[in-house]
Amino acid sequence: MDRRSAVRMLAMAPVAAAFRWAPDSVREAAARARAALGRGAPYEPKHFTAHEWDTVRLLVDLIIPKDDRSGGATDAGVPEFIDFMVGDDADLETPIRGGLAWLDHECDGRYGKPFVACTGAERTAVLDDIAWPKRAKPERAAGVAFFNRFRDLTASGFFSSKMGVQDLRYIGNTFVSEWKGCPPDALAKLGVNHD
């Protein structure tokens, strides 16, 4: 990608319309991500350069890291999900790729290196500046718009995966013979009671 294309993507990122994901697209993307994970061979992205792909893989795991409850976003196939969604929605490629370019530009300006080459603390500093829209400076509007959309896409990919559903501990439509109401510990946490 040349500099002119990167600048064009940066300019378009904040004005791009909000993502509109059809349930069928999400289901198909999740199925394709599962299939890609099941093959065992390295996945070849269809809509990202090698550098962008490295950034996508790193960023999704910063958003949903591996913990003691489940694997991280990469383990759940979220990068493959995003690659499919970018190809499925023509309006998605420009803001996503533009946002990835914004991250590199921001890191280059601050630290003289791209996002993937930054230390954990440097990445956190950049992401902290764009993760909370109400606290972000106006000059970071493009980064805020990108990160919020990318975070939504990451969450959609993770929680539509088998791992994400298990992480939610969703038990599905099961028969409950007697409803006893909200558990007392949950009521206490919320500061409410039945009285």
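Residue indices begin at 1 and follow the sequence shown.
Salt bridge D129/R110: present, at least one basic N to carboxylate O contact under 4.0 Å. Between D75 and K66 there is a salt bridge, since a side-chain N of the basic residue sits under 4.0 Å from a carboxylate O of the acidic one.
Residues P133 and N148 have side chains in contact (heavy-atom distance under 4.5 Å, counting atoms from C-beta outward). Between F48 and I82 the shortest side-chain heavy-atom distance falls below 4.5 Å. You'll find the side chain of I63 reaches within 4.5 Å of the side chain of F147, heavy atoms only. Counting only heavy atoms from C-beta outward, the side chains of M85 and E93 never approach each other to under 4.5 Å. Put simply, the side chain of L103 reaches to within 4.5 Å of the side chain of I130, judged on heavy atoms. Side-chain contact check for V86 versus K46: every heavy-atom pair is 4.5 Å or farther apart.
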Intermediate values then yes/no, side-chain contact (heavy atoms from CB on, under 4.5 Å), F158 and V60: CA-CA 9 Å; F158 184 80; V60 298; over 6 Å; no

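Partners of R169 under the salt bridge (Lys or Arg N to Asp or Glu O under 4.0 Å) rule, at least two apart in sequence or in another chain, do not exist in this structure. For R151, there are no salt bridge (Lys or Arg N to Asp or Glu O under 4.0 Å) partners two or more places apart in sequence or in a different chain. With sequence neighbours left out, the side-chain hydrogen bond (donor to acceptor under 3.5 Å, both in side chains) criterion links R140 to E106.
Counting only distance, with no hydrogens or angles, the side chain of D83 and the backbone of P79 share no donor-acceptor pair below 3.5 Å. Checked by atom type and distance alone, the side chain of E122 pairs as donor or acceptor with a backbone atom of T119 at under 3.5 Å. Using a distance-only test at 3.5 Å, with no hydrogens or angles considered, no donor-acceptor pair links the side chain of D104 to the main chain of P114. A donor-acceptor distance shorter than 3.5 angstrom exists from the side chain of R69 to the backbone of D167, with no hydrogens or angles considered.
Interatomic distance, CG of L92 versus CZ of F84, reported as 11.0 Å (0.5 Å rounding). In this structure, NZ in K113 is found 9.0 Å from SG in C107, a value given to the nearest 0.5 Å. Distance check, rounded to the nearest 0.5 Å: OG of S156 to CZ of F81 gives 5.5 Å. Taking CD1 from I96 and OG1 from T55, the interatomic distance works out to 12.0 Å, rounded to the nearest 0.5 Å. Interatomic distance, L62 CG to R123 CZ, rounded to the nearest 0.5 Å: 6.5 Å. Here the straight-line distance linking atom CG of L58 with atom OG1 of T74 works out to 8.5 Å at 0.5 Å rounding.
Both L168 and I64 are members of a single hydrophobic cluster when ILVMFWY side chains are connected at heavy-atom separations under 4.5 Å.
The nearest pair of heavy atoms linking F159 to G164 is CD2-O, 3.6 Å.
Checked options L127, T154, V116; the residue passing with L59 is L127 (criterion: side chain to side chain contact (heavy atoms under 4.5 Å, CB included)).
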